[in-house]
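As structure tokens, the structure follows; a few thoughts come after it.
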Amino acid sequence: MYLVLATASGNRSADAGPSPAADLLSLDAAGNPSGTRLTVALQNLPDVVRGLEQDRPRWVWQRTQDWYPALLRAGVSVEKCHDLTLCRNILVYSEFTASTGYPRANMALPVEGASDSRPGVPNQDSLFDSQVQQRGPGLEELCADLRAQLAAVRDTGEQAKLSLLLAAESAGTLIAAEMQHTGVPWREDLHEAILQTHLGPRPEGMRRPEQLERLAARLRDLLGVPGLNPDSGQELLRALHRSGVEVKTTRSWELEQLKHPAIEPLLAYKKLSRLFAANGWAWLDQWVAGGRFRPEYVVGGVVSGRWASRGGGALQIPRQIRGAAFADSGYKLIVADAAQLEPRVLAALARDTKMAEAARDKDLYAGIAAQGFGGDRAKAKVALLGAIYGATTGESGRLMPQLTRTYPQAVGYVEDAARAGEKGRIVTTRLGRSCPPPSTAWMAAQRSTTAEEQRRADGAARSRGRFTRNFVVQGSAADWAACWMAELRRRLRAFPSEVPGGAAADGGPAGVPEMVFFLHDEIMVHARDEDVDRVCALLEEAARAATQLLFGQIPIEFPVNITVVQSYADAK
DNA sequence: GCACTGAGCGCG
DNA sequence: AAAGCGCGCTCAGTGC
């Protein structure tokens, strides 16, 4: 059963009435009304939702981000939902729905990307965002959209995959909101200790920290430029050239190749200034509060289906400061990552039995090395990643023929994706997420007449080929990860009932294992010491379930590496 | 003063 | 050794 939740029609104008409200309507599996319309004052909504949740409906709303954060703040969680905006974006582009009327009918509608629609900071003054109260579409509109989406899924030959994708992605939006609500346990004191060790004490005002200032002074001295600002690439490049250091850029890896007294302090400066600017005291002030780091995750923020994040650089937490992510007393951080997810996904997609054999082992690269690279694991890894990314030069490019001989199926799969992309065609992930079509400018350029234009168009075609080549693998890996998370969430929600006294005495969720972080192929759970073993088992169970959902019975393992730690720095 | 781009570097 | 994919963030530099 579906329960559609919309802004009440009475308060969608700019001059919203004094009592903002929401409309509710239940629909049957086909999307037809199966109950009476209900209007609820927003202040009562959490209680109403909690009550209706007993029937285990699938909540349907314009965007999970519109409603769910406030419900979570009010202590209410839901089991499942359908995020209309996210699902519409998938269905509009999916190759599976191309033969239905859905893309054409919905393409023209303003497709609100998950990334452009709302400010990053929720309105804390009221329970729900004022946007929801005043500008949300009405119930009829949402019901019509849901019916159209259900029909589009039904009209394809791939109903099972597509409905799984929509359910998993929608579950992802719930998880994202829940993880933002919970936050990563973050010890400010440990973070500050790391900063102190590397940079010195917190500087006053806008000044550089002690250690950065010392390195800057040394650089000015060594390069003979008294006023040098090492943060300026242009100044730095000029100064290096004057000192006889012939570099094209100031990239660290290029500088590392050279011998000059200034190189070592310069590399040190770059490393430290990065720490200071990106994850220093200002970051701590802005993003960590009450012992939790709460970034915003953007589900569907990447075309391939990966998550993006907004604020705090959640998906780029440098190893340097991971020591500050630290479990509460009596708890552990359970960090699980899917081992070599993308190569395994490729083997499964391509049904490459030879590669599947190599993937029998927990270390896939070692298996590949044994089969075709004389046991050289490093070579095997470079070759396989090169195939997935489309490397043409360097060692990786040179190893391609060797890889192709051993795994014609797998290499053929990504080659086909690349050729399709070069021709301007669409490619699709396992569950039916398709890549965006090329722009009209790209298409026009492919018909260029002059030699110079044609050369550029060929370059653009190869570039798109690398994109589509990678898309099928990265995107299918994202499909797998979405299912993994959704399966884990379902199991974790059942957790308290399995463990006597699992819920806190006050009835709140304290003590229950919580997902607190997700990074493409890695999940972090914060759990009490006594729950660790059970959670580890659930992580592996969920991974097996995800594999079954995507590929059915297949002789390829998707092993999960799990480490149980106090500190994130100790994972891996 | 504000918006934007490119360089550079963090993550997978 | 550091290219081949996908991102976000900060700073310098530029243009209005």
Side-chain angles (χ1 to χ4, degrees), chain A residues 114-115 120 206 208 228-238 247-257 266-267 269-280 282-283 286-287 295-322 337-343 345-346 378-379 381-400 403 414 417-418 421 427 429 435-436 462-478 481 517-523 568 572:
Chain A
S115 55
M206 297 279 97
R208 281 195 183 91
L228 177 73
N229 171 16
D231 292 328
S232 162
Q234 296 184 13
E235 283 186 39
L236 206 50
L237 206 52
R238 278 197 296 271
V247 284
K248 294 236 287 281
T249 72
T250 61
R251 289 190 181 93
S252 292
W253 63 261
E254 190 176 347
L255 295 171
E256 277 165 19
Q257 317 299 315
L266 178 51
L267 291 172
Y269 181 91
K270 281 168 159 289
K271 189 81 184 159
L272 288 186
S273 73
R274 170 83 193 177
L275 172 65
F276 173 60
N279 297 101
W283 182 90
Q286 191 176 358
W287 297 109
E296 182 180 3
Y297 300 93
V298 187
V299 179
V302 182
V303 283
S304 65
R306 277 185 171 183
W307 290 14
S309 71
R310 183 159 44 210
L315 307 184
Q316 309 136 253
I317 301 174
R319 294 184 176 280
Q320 240 179 339
I321 61 159
R322 290 189 179 185
D337 76 293
Q340 304 124 12
L341 179 58
E342 294 193 356
V345 163
L346 173 56
K379 249 188 188 176
K381 181 174 178 177
V382 164
L384 194 47
L385 290 178
I388 293 172
Y389 292 150
T392 53
T393 62
E395 186 185 7
S396 184
R398 283 194 297 279
L399 291 169
M400 280 299 287
L403 191 74
V414 284
V427 296
T429 68
C435 71
R462 279 193 298 276
S463 174
R464 183 174 156 78
R466 287 192 300 275
F467 166 63
T468 52
R469 170 199 295 271
N470 185 251
F471 182 93
V472 292
V473 178
Q474 186 185 112
S476 298
F517 190 59
F518 171 62
L519 185 58
H520 308 317
D521 60 0
E522 175 181 320
I523 299 176
Y568 190 24
K572 283 195 204 170

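Residue numbers start from 1 in every chain, and the chains themselves are labelled A, B, ... in the order their sequence lines are given, proteins ahead of strands.
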What's the closest nucleotide to the [X] side chain, out of [options]?
X        : options               : value
A:Gln234 : C:dG13, C:dC9, C:dA2  : C:dG13
A:Asp231 : B:dC9, B:dC11, C:dC11 : C:dC11
A:Lys270 : B:dG8, C:dC11, C:dA1  : B:dG8
A:Ser396 : C:dC11, C:dA3, C:dG8  : C:dA3
A:Trp253 : C:dC5, B:dC11, C:dA2  : C:dA2
A:Gln257 : C:dC7, B:dG12, C:dA2  : C:dA2
A:Gln316 : C:dG8, C:dC11, B:dG8  : C:dG8
A:Val382 : B:dG10, C:dG13, C:dA1 : C:dA1
A:Asp521 : B:dG8, C:dC7, B:dG12  : B:dG12
A:Ser232 : C:dG6, B:dG10, C:dG13 : C:dG13

Base, sugar-phosphate, or nothing: which does [X] touch, judged by heavy atoms less than 4.0 Å apart?
X        : answer
A:Ser309 : sugar-phosphate
A:Arg322 : sugar-phosphate
A:Arg306 : base
A:Gly312 : sugar-phosphate
A:Asp337 : nothing
A:Gly313 : sugar-phosphate
A:Thr249 : sugar-phosphate
A:Ile317 : sugar-phosphate

With no hydrogens and no angle check, is any side-chain donor or acceptor of [X] less than 3.5 Å from a backbone partner on [Y]?
X        : Y        : value
A:Ser476 : A:Val473 : no
A:Trp283 : A:Gly312 : yes
A:Arg464 : A:Gly421 : yes

Check the distance between [N]'s [atom2] and [X]'s [atom1] and give it to me in whole angstrom.
X        : N     : atom1 : atom2 : value
A:Asn470 : C:dC5 : CG    : P     : 8 Å
A:Gln286 : C:dG8 : CD    : C1'   : 13 Å
A:Lys379 : C:dA2 : NZ    : P     : 17 Å
A:Arg464 : C:dC5 : CZ    : C1'   : 14 Å
A:Leu275 : B:dG8 : CG    : C1'   : 16 Å
A:Lys271 : B:dC9 : NZ    : C1'   : 9 Å
A:Tyr297 : C:dG6 : OH    : P     : 23 Å
A:Tyr389 : C:dA1 : OH    : P     : 20 Å

Next item on the list: Answer yes or no: does a side-chain N or O of A:Thr250 lie under 4.0 Å from OP1 or OP2 of B:dG8?
Entry: yes
Notebook entry, point to check: Below 4.0 angstrom from OP1 or OP2 of B:dG10, is there any side-chain N or O of A:Asn279?
Noted result: no
Taking all non-hydrogen atoms of both residues into account, name the closest pair between [X] and [Y] and its distance.
X        : Y        : result
A:Ala417 : A:Val472 : CB-CG2, 3.9 Å
A:Thr250 : A:Leu255 : O-CD1, 3.5 Å
A:Ser396 : A:Gly386 : OG-CA, 3.0 Å

Notebook entry, point to check: Is the closest side-chain heavy-atom distance between A:Gln320 and A:Arg274 below 4.5 Å?
Noted result: no
Next item on the list: Between A:Glu395 and A:Arg466, just flag the one whose closest nucleotide in DNA chain C comes earlier from the 5' side.
Entry: A:Glu395
For the side chain of [X] and the base of [N], is some donor closer than 3.5 Å to an acceptor across the two?
X        : N      : result
A:Arg274 : B:dC9  : yes
A:Gln474 : C:dG6  : no
A:Arg319 : B:dG10 : no

Check: When syn is taken as a glycosidic angle within 90 degrees of 0, is C:dG4 syn or anti?
Finding: syn
Checklist line | Nucleotide forming a Watson-Crick or wobble pair with C:dG4, both distances under 3.5 Å | finding: none
Notebook entry, point to check: Would A:Glu342 and A:Arg306 count as a salt bridge (charged side-chain N to carboxylate O under 4.0 Å, His left out) if you check the C-alpha gap in whole Å, the side-chain angles of each, and the deciding distance to 0.1 Å?
Noted result: CA-CA 13 Å; A:Glu342 294 193 356; A:Arg306 277 185 171 183; 3.4 Å; yes
